[in-house]
Amino acid sequence: DAGVTQSPTHLIKTRGQHVTLRCSPISGHKSVSWYQQVLGQGPQFIFQYYEKEERGRGNFPDRFSARQFPNYSSELNVNALLLGDSALYLCASSPGSGGGTEAFFGQGTRLTVV
Amino acid sequence: GEDVEQSLFLSVREGDSSVINCTYTDSSSTYLYWYKQEPGAGLQLLTYIFSNMDMKQDQRLTVLLNKKDKHLSLRIADTQTGDSAIYFCAENTGGSYIPTFGRGTSLIVHP
């Protein structure tokens, strides 16, 4: 079975540009979460979606947005990119949205803003 | 201060036991997790423990939880070179899966 797939794997953007990152969850999983991992830090929660509805949002500016599609795949959009947005963006899928759920992470998208 | 704290580095000899420690601040934490991240990879859930438990064992892994001191540890028995990675402690409060991660402990296993 395919795991969580993220695309692209690497991306270089210029300050001020917009970026869209994509995530396909494991088949049957209805929840997708997004995390930002800056080098040397732990992942920081950005969004959780369950059944196409936003279930949680971390402390990120409105430049960050996301959505979940009917097939449960998800996109993370970041507008007006800043140098500080350079990070590994991780997507996690899980069957449910509860605390005891086992989340499976993708390999991540490495975003570099220059 | 940070919600979840971990020491940054741990170096052990192959075959020895490794103990990675973590402290957290939220007394209402319900789930506590250990994740492993290898270079260039995403996170792999190793194990998790519910807050009403004090110990969980899974093959070479033993998790100990001291809820009074808000201290969590991960013991890896017979540590192998393949265990070299960054280990993240995370805590979750409430019904939704929105964990708070520590900065990670880099485990280095040398022959």
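Each chain gets a letter, A, B and so on, in the order the sequences are listed, and its residues count up from 1. Because the structure is a prediction, the values reported are computed rather than measured.
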Notebook entry, point to check: Side chain, backbone, both or neither: which part of A/Gln6 has a non-hydrogen atom closer than 4.5 Å to chain B?
Noted result: neither
Checklist line | Residue, of B/Ser106, B/Ala90, B/Pro99, that accumulates the most heavy atom pairs under 4.5 Å with chain A | finding: B/Pro99
Next item on the list: Could you tell me the separation between the CZ atom of A/Phe45 and the OG1 atom of B/Thr100, rounded to the nearest 0.5 Å?
Entry: 9.5 Å
Next item on the list: Kindly give the heavy-atom pair with the smallest separation between B/Phe101 and A/Pro43, and that separation in Å.
Entry: CD1-O, 3.4 Å
Next item on the list: Please say whether more than 12 non-hydrogen atoms of neighbouring residues, nucleotides or ligands are located less than 6.0 Å from CZ in A/Arg63.
Entry: yes
Next item on the list: With a 4.5 angstrom heavy-atom cut-off, could you sort out which part of B/Gln37 is near chain A: side chain, backbone, both or neither?
Entry: side chain
Notebook entry, point to check: How long is the gap from CZ on B/Arg103 to CD on A/Gln37, to the nearest 0.5 Å?
Noted result: 11.5 Å
Check: Side-chain heavy atoms under 4.5 angstrom apart, residues restricted to Ile, Leu, Val, Met, Phe, Trp, Tyr: same cluster for B/Leu72 and B/Tyr33?
Finding: yes
Check: Are A/Val19 and A/Leu90 in one and the same hydrophobic cluster, where Ile, Leu, Val, Met, Phe, Trp and Tyr link if side-chain heavy atoms are under 4.5 Å apart?
Finding: no
Checklist line | Option that, when pairs with chain A are counted at under 4.5 Å, heavy atom only, ranks first among B/Gly104, B/Ala41, B/Cys89, B/Gly42 | finding: B/Gly42
Note to self: Membership question, hydrophobic clusters at under 4.5 Å side-chain separation (ILVMFWY): are A/Val38 and A/Leu88 in the same one?
What the structure shows: no
Next item on the list: Give, as side chain, backbone, both or neither, the part of A/Tyr50 having an atom under 4.5 angstrom from any heavy atom of chain B.
Entry: neither
Notebook entry, point to check: Taking atom CZ of A/Phe69 as the centre, does the number of heavy atoms from other residues, nucleotides or ligands within less than 6.0 Å exceed 12?
Noted result: yes
Next item on the list: Tell me whether B/Met53 is reachable from B/Leu65 by hopping between hydrophobic residues (I, L, V, M, F, W, Y) whose side-chain heavy atoms are closer than 4.5 Å.
Entry: yes
Notebook entry, point to check: Hey, any chance A/Ile26 and A/Leu21 share a hydrophobic cluster, counting ILVMFWY side chains that come within less than 4.5 Å of each other, even indirectly?
Noted result: no
Notebook entry, point to check: Which atom pair, heavy atoms only, marks the closest approach of A/Phe105 to B/Leu43?
Noted result: CB-O, 3.2 Å
Note to self: Give me the atom names and distance for the closest heavy-atom approach of A/Gly42 to B/Phe88.
What the structure shows: CA-CE2, 3.4 Å
